[in-house]
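We use all heavy atoms of the structure for the numbers below, so side chains are in, but hydrogens, waters and symmetry mates are not. Atoms within a ligand are numbered from 1 in the order they appear, just like the ligands themselves. We number each residue from 1, following the sequence as shown.
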Amino acid sequence: MQEWIWADSLPIFAAMKILILGSGGREHAMAWKLAQSSKCEQLFIAPGNAGTAQLGTNVPIGVGEFEAQYQLVKAQGIHLVIVGPEQPLVDGVVDFFEEKGIPILGPSKQAAQLEGSKDFSKQFMLRHGIPTAQYASFTAAQMKEAQAYVSSHPLPIVVKASGLAAGKGVLICQTHAEAEAALKDMLSGQSFGEAGETVVIEEYLDGIEISIFVLSDGSDYKILPSAKDYKRIGEGDTGLNTGGMGAVSPVPFADEAFLATVEESIVHPSLTGLQQEGIPFKGFLFIGLMVIDGQPFVLEYNVRMGDPETEVVLPRLDADFASLCMAAATGQLRDVPMAIHPQTCVTVMMVSGGYPQAYAKGKVMKGFEGVSESILFHAGTKAEGEQIFTNGGRVLAISSLGDSIEAAVQQSLQGADMIQFDGKNYRRDIGKDLMG
Ligand code: AMP
Ligand code: GLY
């Protein structure tokens, strides 16, 4: 099955067949980058969306259907599986494929606990001296202790469901009553089910957020472009939290000196700490940071790329992405060159009216042909014949490269004006806080 050849210890992966698991803008961006690689012969996306269908073959298999994915891999002679979202990672998809000898890019089930359990990740950071907010964690059996801890905690109080909660498990409480109510809802299983059975209570960190992405093969790693995302639905960072309404890369204040601090105090100890604990991390590590007076603190680890951060990170990557992914999956990352494009990339996410609450699907989309200077990454779309319909809350990420944030965002906004669908909504202020 191994069709690649080796030369001078440099891996030259050739004619690779690659399967991406997932269906969002992140997976479309990955497919777009892989499709540019001469080393990628054929691309499959399970289940994919209308955008990925233009670059490879969508296969109607869900991200949790490991056995069906394996049957596809065998039938098609697929060489590499790349995992987009966190749920299959936390559920052990990497262990499943590795037991069968198939290269797969992502962390093991155990390493995925960094995202799957905030309690685990906080304890891990404490063990390895990685800067993070002070905290305590409690289970349902410790309701009384938890209440006492909350009542004497200074405000605001951050209450987090320990398990996976689709980005909704963090509450920043301005009063003790609010924090106690959040605690009760979580520990009783009412608000987040099993994910809330353990709760992490954290000190509030007041600073500037930035996300750092690292690709690791278990021993070596490469730091990918930094990014900032915009989580609130409304302009000026108002309203409900969403999966992400836009993103910018790079983040202007993340200069070389800052990134060196992050590498030394966070990236390196995180990856070597995992190695020491016998759970080396392979895949994309996404580190959410809060920066206070120039000092970075870890808010959270995610064990995958961000969405929509991928839509601004990958356009800036100057590398053969297929080789990079295969090398990371097989412990050879050191041998693959990678550079970062100096231009700025901004993405503006178009969403369905009503999102992040109830919204309609199946709206006809028009105007794609009017956008030529931006890259359109489909998030929630569906093709029927020649026609494309909305099929999710986040619908389409419009990414543009430019010499400044201003130039890139203007380009994306022009694109957003061209795209038409009933109820379309997007933020016009992406990157505004970073302009200089
Ligand atoms: P998390 O899923 O842990 O990254 O939390 C989601 C969001 O909540 C973060 O992106 C921050 O905006 C906010 N957040 C989480 N933890 C804290 C904290 N300790 N202090 C301030 N804001 C926080
Ligand atoms: N944009 C945040 C995330 O992917 O978790």
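Here Asp206 has no heavy atoms under 4.0 Å from ligand 1, in either its backbone or its side chain. Here Glu203 has backbone heavy atoms under 4.0 Å from ligand 1, and that is the only part of it that gets that close. When non-hydrogen atoms are compared, ligand 1 lies under 4.0 Å from the backbone of Leu299 as well as from its side chain. Contact annotation: for Glu309 versus ligand 2, heavy atoms closer than 4.0 Å belong to the side chain alone. When heavy-atom distances to ligand 2 are checked against a 4.0 Å cut-off, Arg304 comes that close only through its side chain, counted from C-beta outward.
Every atom of ligand 1 with a heavy atom of Met290 under 4.0 Å away is listed here by number and element: 21 (C), 22 (N). Those atoms of ligand 1 that come under 4.0 Å of a heavy atom in Lys160, given as number and element, are 3 (O), 15 (C), 16 (N). Under a 4.0 Å criterion applied to the non-hydrogen atoms of Gly306, ligand 2 contributes the atoms 4 (O). Listed by number with element, the atoms of ligand 1 under 4.0 Å from a non-hydrogen atom of Val170 are 1 (P), 2 (O), 3 (O), 5 (O), 6 (C), 8 (O), 15 (C). When each atom of ligand 1 is checked for a heavy atom of Glu202 under 4.0 Å away, the hits are 16 (N), 17 (C), 18 (C), 19 (N). Using a 4.0 Å cut-off to heavy atoms of Lys231, the atoms of ligand 1 that qualify are 10 (O). Within the listing of ligand 1, atoms 18 (C), 19 (N), 20 (N), 21 (C) sit less than 4.0 angstrom from a heavy atom of Leu205. Annotation for ligand 2: atoms under 4.0 Å from non-hydrogen atoms of Asp229 are 1 (N), 2 (C). Heavy-atom proximity to Phe286, at under 4.0 Å, picks out these atoms of ligand 2: 3 (C), 4 (O), 5 (O).
Considering backbone and side-chain atoms alike, Asp307 places an N or O below 3.5 Å from some N or O of ligand 2. At least one N or O atom of Gly243, backbone or side chain, sits closer than 3.5 Å to an N or O atom of ligand 2.
No option in Asp433, Asp237, Thr347 other than Asp433 meets the side-chain hydrogen bond (donor to acceptor under 3.5 Å, both in side chains) test with Tyr230. With Phe284 as reference, Leu105 is the one residue of Leu105, Val303, Val313 to meet the side-chain contact (heavy atoms from CB on, under 4.5 Å) rule.
For Gln134, the CD atom sits in a loose shell: 12 or fewer heavy atoms of surrounding residues, nucleotides or ligands are nearer than 6.0 Å.
Using a 30° and 60° split on the angle between ring planes, Tyr301 and Phe124 fall in the perpendicular class, above 60°.
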Inset, instruction - Go through the steps to decide whether Leu285 and Leu114 satisfy the test side chain to side chain contact (heavy atoms under 4.5 Å, CB included), and finish with yes or no. - result: CA-CA 9 Å; Leu285 182 62; Leu114 273 192; 4.0 Å; yes
Legend entry - Derivation and outcome, side-chain hydrogen bond (donor to acceptor under 3.5 Å, both in side chains), residues Tyr426 and Arg428: CA-CA 7 Å; Tyr426 57 95; Arg428 300 190 69 88; 2.9 Å; yes
Inset, instruction - Verify side-chain hydrogen bond (donor to acceptor under 3.5 Å, both in side chains) between Gln332 and Thr330, making sure each step is shown before the conclusion. - result: CA-CA 6 Å; Gln332 305 165 83; Thr330 54; 2.6 Å; yes
Inset, instruction - Show your reasoning for whether side chain to side chain contact (heavy atoms under 4.5 Å, CB included) applies to Glu209 and Lys228. - result: CA-CA 7 Å; Glu209 279 191 71; Lys228 175 177 173 166; 5.5 Å; no
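In summary, the aromatic rings of His378 and Phe368 are positioned with their centroids under 6.0 Å apart. Centroid-to-centroid, the aromatic rings of Phe138 and Tyr149 come within less than 6.0 Å.
Heavy atoms of Gly244 stay at 4.0 angstrom or farther from ligand 2.
For the pair Lys118 and Phe120, the cation-pi test (distance below 6.0 Å, angle within 45°) is failed.
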